[in-house]
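Let me begin by presenting the structure, written as structure tokens, before commenting on it.
Heads up: numbering here begins at 1 and tracks the sequence. The analysis underlying the following values was restricted to heavy atoms, covering all of them including side chains, and did not include hydrogens, waters or symmetry mates.
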Amino acid sequence: MRPSAEPPTALYDLAVIGAGCAGLSGAVTASELGLSVALLDASPQIGGQFFRHPAPATGAARPEALHHDWSLFTGLRRRLEASAVDRLGGHHVWSVVRDGGTWAVHAVTGADGGEERAVRVRARAVLLATGAYERQLPFPGWTLPGVVGAGGAQAMLKSGLVLPGKRVVVAGSGPLLLAVAASLAAAGARVPAVIEASGYLGYARHPYALAANPHKLAEAAVHGGALLRHRVRLRTGSAVTEVHGTDRVEAVTVSRLDRDWRPVPGSGRRIACDALAVGHGLAPQIDLATTLGCATRITPDRTTALALDSSQETSVRDLWAAGEPGGVGGARLAAVEGEVAGLAIAARLRGHPARRGRVRELGRRRNRMRAFADAMAAAHAPGTGWPQWLADDTEVCRCEEVTAQGVRAAVTDLGARDARTVKLFTRAGMGWCQGRMCGAAVACLAAPHGSADPVAEPAPERRPFAVPVPLRALGSLDEPVDRPTDRHP
């Protein structure tokens with residue numbers, strides 16, 4: 001990385017937003033080809049959510065014990081340390097805009113963007129590697145203390161070496177559940193059960209994707225073996241349909257589901273626990289891109305991702321994306337897409353001759369892994385009947401305390417026919433999370449009766465702010481903040 005004593009540069013060739021696998025791969029690839037690169041991330045550490053690791057103060061001796069593919073991360077980290085990339089940690093990017101013939105990346109600094117110092121990084125090209133966030137579907141009791149996201153439970157363990165509870169049920173849908181349960185059990189938690197709403201037979205419909213990605217089968221075998229060793233029961237075709245407790249989680253009710261995810265009457269069984277880790281897949285983080293008008297596509301699990309060409313470029317020229325913004329697919333796929341983007345950006349900006357053999361190889365690997373990602377998404381897509389989990393008083397929008405009854409009344413009594421109109425009537429989605437937690441649920445409840453796709457995510461909105469921004473930072477936009485003078489080693 002570039003030493004901090006070096007004088008600042010007015011204009012970068014490339015600004016990379018996100019320091020996970022995709023961002024690291026894209027940044028080091030472009031830098032090794034001679035481009036000046038700034039790597040911005042909200043965290044002071046590199047690695048993103050997948051390779052989140054404990055702070056040095058925790059004294060963790062073997063952080064790799066909590067990860068798969070740790071060698072992928074260490075390889076990218078070594079290349080970053082040997083590169084001239086400027087790493088800007090603790091930078092919360094809230095907007096990317098055209099500034100003449102270049103891009104202006106606006107950020108605020110600090111652990112939570114609270115230092116209120118505005119930063120503007122100018123670059124000729126931008127690579128979005130912003131990752132994803134968890135998709136949540138509500139159910140009675142999901143706001144009780146002790147209910148955490150499945151990915152959130154894993155983040156607590158990886159970064160703080162803490163558990164959400166002593167007896168943790170893991171529930172929802174998607175392969176992340178197996179990894180979370182295995183990690184929690186290995187760290188000492190008692191995991192009574194993993195509750196998967198879908199199943200794994202759907203993968204059999206995609207034999208080519210399975211055969212072309214043997215490492216995914218190996219990962220599944222590792223997680224399955226860990227669950228067997230720790231005597232964790234796996235229940236498929238079931239869901240947590242209610243959480244019980246007064247001040248925190250005391251138990252959950254697990255119900256069998258039909259093929260559309262409707263609870264089977266009389267099938268509920270109670271499991272005692274003091275925490276629930278729950279998640280129903282991941283949704284691409286594409287706020288910055290949709291504000292710029294980038295084209296999108298609907299994924300097989302009905303989230304919205306960016307539509308990208310073979311070089312990872314969006315529909316907006318000189319704006320690329322890699323990793324989860326183009327569709328959730330895991331760390332290896334993200335690293336490949338980051339390298340593809342880095343090569344393409346270097347070819348355009350510096351006229352580097354395309355490494356045709358390498359590009360073809362990366363393209364084949366990307367296509368194989370993307371095929372598996374699509375098969376995985378289809379296998380774990382939410383069914384249309386899940387709203388039957390909801391009681392009238394179940395909070396759908398936690399931030400604004402909007403209940404399922406409130407959303408339904410907006411549809412039946414006020415004539416709302418989409419999530420945006422429901423938001424205007426009820427304030428659902430106007431809170432701190434800006435609809436990330438409740439967007440899928442509100443869109444489903446607002447869909448017209450008989451809609452062909454009532455669980456699709458709402459259309460992406462074009463917001464000027466991707467993260468909260470202090471007024472002081474907005475007020476300083478006219479000041480000369482082209483480049484920060486401090487860098488994180």
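Looking at Asp41, its side chain never comes within 3.5 Å of a backbone N or O of Gly20 through a donor-acceptor pair. Without hydrogens or angle criteria, Gln136 side chain to Val278 main chain gives a donor-acceptor distance under 3.5 Å. In this structure, the side chain of Ser25 does not engage the main chain of Cys21 through any donor-acceptor pair within 3.5 Å. Although no hydrogens or angles enter the test, the distance criterion places a donor-acceptor pair under 3.5 Å between the side chain of Ser159 and the main chain of Ala155. For the pair Glu337 (side chain) and Ala22 (backbone), a donor-acceptor distance under 3.5 Å is absent. At distances below 3.5 Å, at least one donor-acceptor pair connects side-chain atoms of Gln434 with backbone N or O atoms of Gly431. Checking side-chain atoms of Thr29 against main-chain N and O of Leu343 turns up no donor-acceptor pair under 3.5 Å. Although no hydrogens or angles enter the test, the distance criterion places no donor-acceptor pair under 3.5 Å between the side chain of Gln285 and the main chain of Pro325. For Arg87 (side chain) and Pro44 (main-chain N/O), a donor-acceptor pair under 3.5 Å exists by modelled atom type. Between the side chain of Arg79 and the backbone N or O of Ala27, no donor-acceptor pair lies under 3.5 Å.
Minimum interatomic distance between Cys397 and Gly429 (heavy atoms only, all atoms of both residues): SG-N, 3.5 Å. Ser83 and Ser31 make their closest contact through CB-OG, 3.7 Å (heavy atoms, listed as atom of the first residue, atom of the second, distance). Residues Val328 and Met376 come closest through the heavy atom pair O-CE, 4.3 Å. Heavy atoms only, all atoms of each residue included: Gly18 and Leu39 are closest at O-CD1, 3.4 Å. Across all non-hydrogen atoms, the minimal contact from Gly329 to Lys216 is O-NZ, 4.1 Å. Counting all heavy atoms, side chain and backbone alike, Ala379 lies closest to Tyr203 at CB-CE1, 3.9 Å.
You'll find the side chain of Ile286 stays beyond 4.5 Å of the side chain of Cys294, heavy atoms only. Contact of the Ser95 side chain with the Thr291 side chain is not registered, since no non-hydrogen atoms from C-beta on lie closer than 4.5 Å. Counting only heavy atoms from C-beta outward, the side chains of Phe51 and Lys158 never approach each other to under 4.5 Å. Residues Phe139 and Leu276 have side chains in contact (heavy-atom distance under 4.5 Å, counting atoms from C-beta outward). Looking only at side-chain heavy atoms (C-beta outward), Trp386 and Ser173 stay at 4.5 Å or farther from each other. Between Leu24 and Arg77, the closest side-chain pair of non-hydrogen atoms is not below 4.5 Å. Looking at heavy atoms from C-beta onward, Arg408 lies in side-chain contact with Leu445 at the 4.5 angstrom threshold. You'll find the side chain of Lys423 stays beyond 4.5 Å of the side chain of Val442, heavy atoms only.
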Step-by-step side-chain contact (heavy atoms from CB on, under 4.5 Å) determination, Arg350 to Leu35
CA-CA 8 Å; Arg350 291 293 180 91; Leu35 274 64; 3.4 Å; yes
Would Glu134 and Leu282 count as a side-chain contact (heavy atoms from CB on, under 4.5 Å) here? Give the steps.
CA-CA 4 Å; Glu134 283 194 273; Leu282 301 174; 3.8 Å; yes
Give the C-alpha distance, both sets of side-chain angles, the deciding distance and a yes or no for salt bridge (Lys or Arg N to Asp or Glu O under 4.0 Å) between Arg135 and Asp301.
CA-CA 11 Å; Arg135 174 165 59 182; Asp301 62 347; 3.7 Å; yes
Candidate pair Asp418 and Thr421, rule side-chain hydrogen bond (donor to acceptor under 3.5 Å, both in side chains), full reasoning:
CA-CA 6 Å; Asp418 54 46; Thr421 309; 2.7 Å; yes
Check step by step if side-chain contact (heavy atoms from CB on, under 4.5 Å) holds for Leu177 and Val170.
CA-CA 6 Å; Leu177 302 185; Val170 178; 4.0 Å; yes
Take Trp142 and Met437, measure what side-chain contact (heavy atoms from CB on, under 4.5 Å) needs, and give me the verdict at the end.
CA-CA 12 Å; Trp142 76 309; Met437 291 287 289; 3.9 Å; yes
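To the nearest 0.5 Å, the span separating CG on Leu11 from OG on Ser36 amounts to 7.0 Å. Here CG of Leu40 is found 4.5 Å from CG of Leu88. Values are rounded to the nearest 0.5 Å. The distance from the CZ atom of Arg332 to the CZ atom of Arg368 is 11.0 Å, given to the nearest 0.5 Å. Note that NE2 of His106 and NE2 of His91 are 13.0 Å apart. Values are rounded to the nearest 0.5 Å. Taken from CG in Leu163 to CG in Leu184, the straight-line distance is 6.0 Å, to the nearest 0.5 Å. Atom CD1 of Ile345 is separated from atom CG of Leu127 by 5.0 Å, given to the nearest 0.5 angstrom.
Using a 4.0 Å cut-off between charged side-chain N and carboxylate O, Glu361 and Arg358 make a salt bridge.
With a 6.0 Å cutoff to the six-membered ring centre and a 45° limit on the axis angle, Arg98 counts as a cation-pi contact of Trp103.
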